[in-house]
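Here is the structure we will look at.
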Amino acid sequence: MTDMKINFCGVEFKNPIVTASGTFGFGMEYNEFAPLAEYGGIGAKGLTRVPRAGNPPPRIAETPSGILNSIGLQNPGVEYFAEYIMPILAEYDTNVIVNISGNTVEEYCEMAEIISATDAALVELNISCPNVKHGGLAFGTDANVVNSLTKEVRKHCTKPLVVKLSPNVTSITEIAKAAEDGGADGLSLINTLLGMKIDIETKRPILKNNTGGLSGPAVKPVAVRMIHEVHNAVKLPLIGMGGVMTGSDVIELMLAGASLVALGTSLFAKPDLIYDVKRDMQSYMDRHNIEDINTIIGAAQMW
Amino acid sequence: MKKQEVCKLIKKSEIADGIFDFIIESADIAAEAQCGQFLHIACGGNMFLRRPISICDASNGEIRFIFEVKGEGTKLLSKKAVGDVIDVVGPLGHGFEIKRSVRKPIVIGGGIGVFPLYKLTKQLTNATVFLGFRNKSRVVMEDEFDAVSALTIVGTDDGSYGYNGYIASAMEGYLNLNDCDMIYSCGPMPMLRAVKKIAEERGIPCQISLEQRMGCGIGACLACACETKKDGTERYAKVCANGPVFYSEEVTLND
């Protein structure tokens with residue numbers, strides 16, 4: 001058996017498989033299909049400073065090899081999470097990655113402080129949600145803003161700080177460097193790509209929000225390219241995500257430069273996907289005589 | 001542990017143009033299924049999302065579901081042949097609540113909304129059933145409902161068969177002369193809004209089964225929202241997990 005352990009920002013993950021925030025709720029629903037302990041870590045639903053109702057439905061549309069979503073960060077708020085949900089998750093043998101979105105720099109800092117006082121393993125700074133009017137993506141597309149936000153939050157966060165990057169930018173490496181310079185401990189990428197689907201009969205978008213974030217296998221090649229670019233541009237460890245359906249996809253993202261890889265949208269198709277992914281990964285490791293999974297991180301050779 | 005199951009299709013028929021009646025095998029799902037719950041079904045091909053389809057009936061290791069071909073996913077599903085397997089997660093959701101105290105239940109369904117009401121009607125045994133369809137060619141399951149209810153009234157929007165007009169109006173006329181202490185409903189949104197209004201004006205509790213575009217189907221992704229009368233984070237409920245069946249007074253039925 002290959003050693004699947006990964007040390008990410010000083011936190012030990014028993015395997016490199018985590019879940020993408022927003023696709024996994026707070027884990028309880030999927031725990032019915034495969035125990036949370038199967039995952040190296042789980043990404044909790046994105047939190048905001050105060051509770052949010054989310055966007056009007058429809059919030060989801062199917063597109064070729066993927067989906068568009070416009071949930072709009074429906075969540076019970078960071079304080080509720082810290083008080084009632086995190087203590088439950090702490091009982092499970094897995095790392096919890098807590099995703100936070102603010103409307104202002106102050107909100108991000110307050111949330112980082114609140115989460116720092118919990119048993120969360122990592123704080124993920126969401127500067128890339130495409131479905132909310134304020135905050136979210138507005139913070140993630142300007143390198144100067146990313147740099148100063150990361151610096152400020154860094155002062156208030158005692159947990160390893162991971163900045164989640166948007167693919168909806170001209171140069172993702174500029175944003176990545178800005179986060180690194182601001183004191184981020186790691187980066188996660190990619191969030192969803194902004195998209196739209198129009199019903200040609202009604203001539204209206206399927207999503208009530210008009211636009212939404214594209215995820216699923218359709219975005220995987222974009223994720224692989226961006227992970228590769230960012231891996232070469234910064235020294236920080238990466239959580240890779242974007243259309244991962246199989247163990248082979250996990251390997252591909254790791255070869256591109258990811259240390260951890262998240263399952264997301266694919267869980268909708270197969271809620272106990274983790275078992276197949278692990279089997280598939282082990283078979284790759286056996287075939288290539290890999291004893292330590294860390295050796296494949298960023299190991300892709302460019303032409 | 002819940003699980004995804006690959007079930008064999010053992011019977012298939014097209015009961016009206018584009019409406020398919022499937023029976024699949026699964027001892028576990030059949031034993032567990034409650035009326036008003038649904039299956040989350042992988043349609044095959046390149047369709048990424050599962051399709052939520054209500055359980056029509058379940059017993060003796062067999063589950064029956066009926067669906068209309070509406071898009072690519074249901075079209076692919078309709079091509080499955082007897083002997084093929086279908087990848088299913090279920091039963092899912094919060095179904096109809098059957099109260100022992102209820103003496104005079106009404107079941108009202110419109111179009112493909114009649115299918116989720118069949119198992120319920122069987123269990124109630126004494127329901128008065130209203131089934132509405134667009135026209136005579138769309139009328140399905142009349143005899144089956146008739147056999148398991150106290151009375152079944154069928155209507156068509158264009159008057160080509162049975163009661164002439166919207167089925168909610170037929171129910172309203174019936175309520176002017178008869179008592180009722182619970183209404184169960186499923187169908188198109190205009191019908192549900194009419195049923196909700198009639199029920200609430202008369203103070204009759206009313207359970208409504210809703211549909212919405214779904215992601216995970218288990219309550220994790222928050223895609224299938226429906227608007228409730230509450231504020232804050234409870235403004236939108238999850239159709240897949242809090243529903244698909246709600247009491248009419250919980251939901252607004254706004255667009």
Side-chain angles (χ1 to χ4, degrees), chain A residues 19-20 22-35 45-46 48 50-77 80 199 206-208 212 215-218 243 245 264-273 275, chain B residues 1-6 40-52 70-74 76 87-90 92-93 189 210-228 230-243 251-255:
Chain A
T19 63
T23 60
F24 203 65
F26 296 117
M28 292 302 119
E29 295 84 6
Y30 281 102
N31 187 49
E32 298 279 315
F33 290 87
K45 170 68 185 170
T48 50
V50 295
R52 274 185 72 95
N55 291 330
R59 295 174 169 182
I60 190 166
E62 183 152 16
T63 57
S65 296
I67 63 162
L68 290 169
N69 90 78
S70 59
I71 311 300
L73 290 175
Q74 178 176 341
N75 81 93
Y80 184 91
D199 180 331
I206 304 282
L207 299 175
K208 199 70 174 277
S215 64
M245 293 284 286
T265 308
S266 55
L267 290 161
F268 300 175
K270 198 168 189 324
D272 62 355
L273 183 66
Y275 296 121
Chain B
M1 279 280 133
K2 286 188 191 166
K3 64 178 193 317
Q4 170 184 356
E5 201 175 323
V6 174
H40 215 24
I41 299 177
C43 295
N46 289 323
M47 299 317 289
F48 191 78
L49 290 176
R50 291 170 179 273
R51 297 295 187 271
K70 284 198 169 173
E72 286 304 312
T74 42
L76 274 167
D87 175 343
V88 167
V89 176
L92 296 174
M189 199 47 96
L210 297 178
E211 66 172 357
Q212 183 53 271
R213 290 172 183 269
M214 254 176 218
C216 69
I218 59 173
C221 78
L222 312 182
C224 58
C226 75
E227 193 180 56
T228 69
K230 294 178 179 165
D231 288 330
T233 49
E234 292 184 324
R235 175 159 172 207
Y236 293 107
K238 308 170 197 177
V239 172
C240 68
N242 304 121
V251 291
T252 64
L253 304 187
N254 287 338
D255 267 337

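Quantities reported herein were computed from a predicted structural model and do not represent experimental measurements. So you know, we letter chains A, B, ... as the sequences are listed, proteins then strands, and number each from 1. Only this structure's heavy atoms are used, side chains among them; waters, hydrogens and symmetry mates stay out.
With rounding to the nearest 0.5 angstrom, the CD1 atom of A:Ile71 is 5.5 Å from the SG atom of B:Cys221. Between the CD1 atom in B:Ile218 and the OH atom in A:Tyr30 there is a gap of 4.5 Å [rounded to 0.5 Å].
Looking at A:Thr63 and B:Phe48, their side chains never come closer than 4.5 Å, going by heavy atoms from C-beta outward. No side-chain heavy atom of A:Pro56 sits less than 4.5 Å from a side-chain heavy atom of B:Glu227. In this structure the side chain of A:Glu29 never reaches within 4.5 angstrom of the side chain of B:Cys216, judged on heavy atoms. With contacts defined as side-chain heavy-atom distances shorter than 4.5 Å, the pair B:Gln4/A:Asp272 qualifies. Contact of the A:Ile206 side chain with the B:Arg213 side chain is registered, since non-hydrogen atoms from C-beta on lie closer than 4.5 Å.
For A:Phe26, no part sits under 4.5 Å from any heavy atom of chain B, backbone or side chain. With a 4.5 angstrom heavy-atom cutoff, A:Met245 touches chain B only via side-chain atoms. Looking at B:Gln212, the atoms closer than 4.5 Å to chain A (heavy atoms on both sides) all sit in the side chain, from C-beta outward. Proximity to chain A (any heavy atom under 4.5 Å) is shown, for B:Ala42, by neither the backbone nor the side chain. Interface remark: A:Lys45 contributes side-chain atoms only to the contact with chain B (heavy atom separation under 4.5 Å).
For the set B:His40, B:Glu72, B:Met214, the count of heavy-atom pairs under 4.5 angstrom toward chain A peaks at B:Met214. Ranking A:Thr23, A:Thr265, A:Val50, A:Leu267 against chain B, the residue ahead of the rest is A:Thr265, based on heavy-atom pairs under 4.5 Å. For the options B:Ala223, B:Cys226, B:Gly219, heavy-atom pairs under 4.5 Å to chain A are most numerous at B:Ala223.
In terms of heavy atoms, A:Gln74 sits closest to B:Tyr236 at NE2-O, 3.2 Å. Residues A:Pro57 and B:Ala225 share a closest heavy-atom pair of CG-O, 3.2 Å.
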Check your understanding: How far apart are the C-alpha atoms of A:Asn75 and B:Leu222, what are their side-chain angles, what is the distance that settles it, and do they pass the side-chain contact (heavy atoms from CB on, under 4.5 Å) test?
Key -> CA-CA 9 Å; A:Asn75 81 93; B:Leu222 312 182; over 6 Å; no

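Salt bridge present: B:Arg51 and A:Glu62 bring a charged side-chain N and a carboxylate O closer than 4.0 Å.
Judged by distance alone, the side chain of B:Arg50 and the main-chain N or O of A:Ala269 form a donor-acceptor pair under 3.5 Å.
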